[in-house]
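Below: one structure, written as C-alpha cells.
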Amino acid sequence: MNVRTRIAPSPTGSPHIGTAYIALFNYAFAKHHGGEFILRIEDTDQARSTRASEQAILDALKWVGLRWDEGPDTGGPLGPYRQSERTSIYQEHSRTLVANGAAYPCFCTAERLADLRRTQAAQGGQPGYDGRCATLSAGEASKRIQAGEEHVLRLRVPAEGECVMQDGLRGEVRIPWNKVDHQVLLKADGFPTYHLANVVDDHLMKITHVIRGEEWINSLPKHLLLYQAFGWTPPEFFHLPLLRNPDKSKLSKRKNPVSILYYQRAGILPEALINYLGLLAYSFEDDREHFTLDEMAAAFDIKRIGLGGPIFDIQKLQAFNARHLREMSPTELLSRFKTWGLNEQAWLRIIPMAQPRLNQLSDLVPLAAYLFADRPAYAPTALLAGGVDGARLVQLLRIAQWEVEKAADWTFEGIKQIFGQIAEKENMKLKQLLPPFFIAITGAAVSLPVFDSMLILGRDMTLRRIQYALENLDSQGFALKKDKLKEFEKDYHAKYGL
RNA sequence: GCCCCCUUCGUCUAUCGGUCAGGACGCCAGGUUCUCAUCCUGGUAAGGUGGGUUCGACUCCCGCAGGGGGCGCCA
C-alpha cells in the first residue's frame, strides 16, 4: 500500500504551532513508509478564510522544513488542493447522499436552531438537532427547494445502537449513535462543512492514514457514516493528544504564544522547533533526544505516540534552541542571523528612521536593539509613567490586542488606523494614548516611531509585546479579572464591532 | 448537563509483570572560566486513589477521583 497522509489547515489566522505539530507527525509517518505527504487548504469558511493567512501557513510550514508532495502551490494529480475550488465536487457528492437517503434537506432557520439549543441547555440535555426535517417526504422537500426556500443538507444518523470505531493509538472506541448530531454537511451558501469536505477529499486524494488532533475523535462516527454512505473504505485514524497550556487547558493564544511567526521572530531555529515538537507525545526507542526531521522520519514508529496531552514548555524549547545554536560554527551562525532578519535590508528600513535621532554612529544599535529582541527591557513602572491610570491602561491594551488580532492586513496605514480609531472611540488624543505603547513595544518613551516598529516587528511579535505589558501590569495589581474581562469584551464588541 | 479520551518527578518522557523506576528541561550545589555564560560533575524530584488478578504489579481488569476534549450553517 502506498501510504498517503495530509495536513489540512484552515487559513483563518496566524500559522499555529499545533498545525506544525500535527503536520510533523503526518510527514514523519508518510516518509517513514516511503509515501506522500499532502497539504490541503480547508477554506470552506468563507467568512474567516483569507489568502494572506493561507500564504503565511505555507511559508511557516516550509520554514520549519516540512515539504509536501502535493499542495495548492506545488500542484499534483489529485487537485485542486484548496477546498474552495472544489465546491462542485462536494455538491455532486452531496446529491449522492440525498439520493441514497444518507442525508436530507433541512429548512430550519438559524433562529429556530438557536432556540432549540437554548431550551435543550435549559433542560440540561445535550444540544443537537431534533430531527424535525428528517421525516419530510422527498416530494415535500423538493417542492420547497423548487420554491427557492433556503436550506442545508444534514446527515441522517441512526437513532439507536452505537458506533464502534478503531483508533490506531487507542484501539476500539464506542460512541452511542444518539450522541451524534445530525451534522450539517452542506451549508446554505452551497459550501460544505468540514465533515463532508474532509471525507470526500481524503477519499479522492487517496489518503490512507488520517493523523489529526484528538478534538476530532467525537466526530469520527459522522465521518465513518459518510464513508459508508459513499461505499468507500475508510482510512485508518490516529488521534494525537492536544498540545496544552501550562494550566493544562488546550493550547490557546490567550495564554501562550501559538503563532509560528512569533517563534520565528523571537529567534527560534526551525530545526530546534521541529526537534522539540517531535519530543511531545513521542519518544524514540533508542532514547535519543536530539534529531533532525529526516532522522525522525527514518526512525518513526507511530505506535510510540503517547496519549497524555503534553504541555508546551517554552523554556525547554529555548534550551533545545540554545543547544542547536551552540553547536554551530560562527560562520554558520552569522548566516543564520542574516536569514533571521539581521541584514542589510532590515537596516535600510531602520536607518531612515534613526538618522534624525543620531548624534554619533554609535547611537544606532542601542536605538534599534528592541527591534531584534524577544521583549524590550523597561522598568516595571515605566508603563504607568505616561500618565494613563493602570486600570485604564489594561483596558486600552486589551482593546489594542483585539484590534490588532482583527486587522485584515498588517500595513502601516492599517496600524495607524487602529490606533486612530482607539483614540477617537476612547476620547483621547493620540498623544495621550501612545506613550504606554511606546514603552510596551519599544521599551522606551523616546525611540523610533511606534507604528513603524510594529510593522517591522510583525503582528505576532506586536501581540506578544502587548501581552508582556499586560503581564507586567498584572504583577502590579492591574488586571481585568475573568468575569470583568468578559463583560469588557462585550462592551468592546458593541463599541468596535465584531 | 451529556458523551468521549487521558493519568510515572514541577514539565517532556523511558518502562511492553520481577529495574536501586532511567533520561531530558527546570531548580540546587560543586568544578572549569579575569566576570558571566558555556562546558563538566553531583544532587533534588514521580507511578492520583480504592479494590481485584498474580508468587510478584507503575505495568493487566473494575470502581472512584482528577485533568482534557467534544456537543456550530468554525475548523
Side-chain angles (χ1 to χ4, degrees), chain A residues 8-13 16 18-19 41-49 83 106-110 113-114 116-117 120-129 150-154 162-163 165 167 169-171 173-198 212-222 239-251 275-290 303-323 325-327:
Chain A
S10 184
T12 54
H16 199 282
T19 304
I41 293 294
E42 307 223 327
D43 55 350
T44 53
D45 184 345
Q46 285 298 281
R48 294 195 305 147
S49 298
Q83 289 185 330
C106 168
F107 302 89
C108 293
T109 61
L113 295 176
L116 185 64
R117 266 191 284 274
Q120 282 165 336
Q123 289 164 1
Q126 175 169 329
Y129 186 61
E150 200 166 80
H151 66 283
V152 300
L153 232 48
R154 284 186 185 274
E162 58 181 8
C163 178
M165 41 203 199
D167 175 274
L169 302 175
R170 276 161 268 259
V173 177
R174 294 159 176 271
I175 293 179
W177 281 120
N178 65 11
K179 299 300 170 205
V180 179
D181 197 14
H182 288 206
Q183 182 66 48
V184 169
L185 298 174
L186 207 62
K187 308 178 210 176
D189 65 4
F191 273 73
T193 58
Y194 168 86
H195 306 278
L196 207 219
N198 194 264
R212 68 210 319 186
E214 194 178 4
E215 63 213 301
W216 295 110
I217 202 163
N218 284 294
S219 35
L220 183 51
K222 298 169 187 173
H239 294 89
L240 303 186
L242 264 19
L243 261 24
R244 319 251 198 125
N245 296 309
D247 69 0
K248 293 184 191 289
S249 57
K250 177 175 163 180
L251 192 65
N275 190 159
Y276 176 64
L277 251 20
L279 243 24
L280 297 180
Y282 188 73
S283 63
F284 287 85
E285 195 172 7
D286 60 10
D287 272 346
R288 93 183 92 146
E289 292 184 318
H290 295 273
K303 298 286 182 194
R304 290 190 62 82
I305 291 176
L307 296 175
I311 288 168
F312 188 79
D313 180 2
I314 295 176
Q315 199 171 33
K316 188 160 180 176
L317 168 62
Q318 284 168 336
F320 271 67
N321 198 59
R323 183 185 164 120
L325 242 28
R326 274 182 246 116
E327 284 172 351

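In this text the structure is predicted, and so the values were computed from the model without any measurement.
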Exceeds 12 heavy-atom contacts within 6.0 angstrom, atom CD of E150(A): no

Over all strands shown, is [X] touching base, sugar-phosphate only, or nothing at heavy-atom distances under 4.0 angstrom?
X       : answer
R304(A) : sugar-phosphate
S219(A) : nothing
E289(A) : base
A188(A) : base
C108(A) : base
A281(A) : sugar-phosphate
V173(A) : sugar-phosphate

To the nearest Å, give me how far apart [atom1] ([X]) and [atom2] ([N]) are.
X       : N      : atom1 : atom2 : answer
W177(A) : C4(B)  : CH2   : P     : 14 Å
H239(A) : G70(B) : NE2   : C1'   : 11 Å
I175(A) : G69(B) : CD1   : C1'   : 11 Å
F191(A) : C74(B) : CZ    : C1'   : 14 Å
R170(A) : G70(B) : CZ    : C1'   : 13 Å
Y276(A) : U11(B) : OH    : P     : 12 Å
L169(A) : G68(B) : CG    : P     : 21 Å
L116(A) : G72(B) : CG    : C1'   : 12 Å

Does the structure show a Watson-Crick or G-U wobble partner for [N], both distances under 3.5 Å? Name it, or say none.
N      : value
C34(B) : none
G26(B) : U44(B)
A75(B) : none
G63(B) : U49(B)
G18(B) : C55(B)
C9(B)  : none

Below 4.0 Å: OP1/OP2 of A14(B) and any side-chain N or O of S283(A): yes

Under 4.0 angstrom between R48(A) side-chain N/O and C73(B) OP1 or OP2: no

Is there side-chain contact between [X] and [Y], with heavy atoms separated by less than 4.5 Å?
X       : Y       : value
L169(A) : L240(A) : yes
M165(A) : R174(A) : no
L153(A) : C106(A) : no

Among [options], the one nearest [X] by side-chain distance:
X       : options                : answer
E215(A) : C73(B), C2(B), G69(B)  : G69(B)
R326(A) : U11(B), C39(B), G72(B) : C39(B)
R117(A) : G69(B), C4(B), G72(B)  : G72(B)
K248(A) : A75(B), G70(B), G67(B) : G67(B)
K316(A) : G72(B), C25(B), C74(B) : C25(B)
R244(A) : C2(B), G67(B), C6(B)   : G67(B)
I311(A) : C5(B), A75(B), U11(B)  : U11(B)
K250(A) : G72(B), U13(B), G69(B) : G69(B)
L307(A) : U13(B), C4(B), C6(B)   : C6(B)
P127(A) : C71(B), A14(B), G69(B) : C71(B)

Nearest heavy-atom neighbours spanning L243(A) and G18(A):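 Residues L243(A) and G18(A), closest heavy atoms: CD2-CA, 4.1 Å.
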
For L242(A) against E214(A), the heavy-atom pair lying closest together: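 Heavy atoms of L242(A) and E214(A) come nearest at CD1-N, 3.4 Å.
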
Nearest-Å distance once atom [atom1] is located in both [N] and [M]:
N      : M      : atom1 : value
C12(B) : U38(B) : P     : 24 Å
G10(B) : A46(B) : P     : 7 Å
C3(B)  : C61(B) : C1'   : 23 Å
C39(B) : A24(B) : P     : 13 Å
U7(B)  : U59(B) : C1'   : 14 Å
C16(B) : U32(B) : C1'   : 43 Å
G70(B) : A75(B) : C1'   : 13 Å
G30(B) : U49(B) : P     : 36 Å

Measure the spacing between [atom1] of [X] and [atom2] of [Y] and express it to the nearest 0.5 Å.
X       : Y       : atom1 : atom2 : result
L279(A) : L317(A) : CG    : CG    : 11.5 Å
Q183(A) : Y129(A) : CD    : OH    : 13.0 Å
Y282(A) : L277(A) : OH    : CG    : 14.0 Å

Carboxylate-amine/guanidinium contact D167(A) R170(A), below 4.0 Å: yes

salt_bridge(D286(A), R288(A)) N-O dist < 4.0 Å: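 So D286(A) pairs with R288(A) through a salt bridge.
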
Atom pairs under 3.5 Å: protein N/O with N/O of nucleotides 42-45 of chain B:
none

Most 5' of K179(A) and D313(A) on RNA chain B, judged by nearest nucleotide: K179(A)

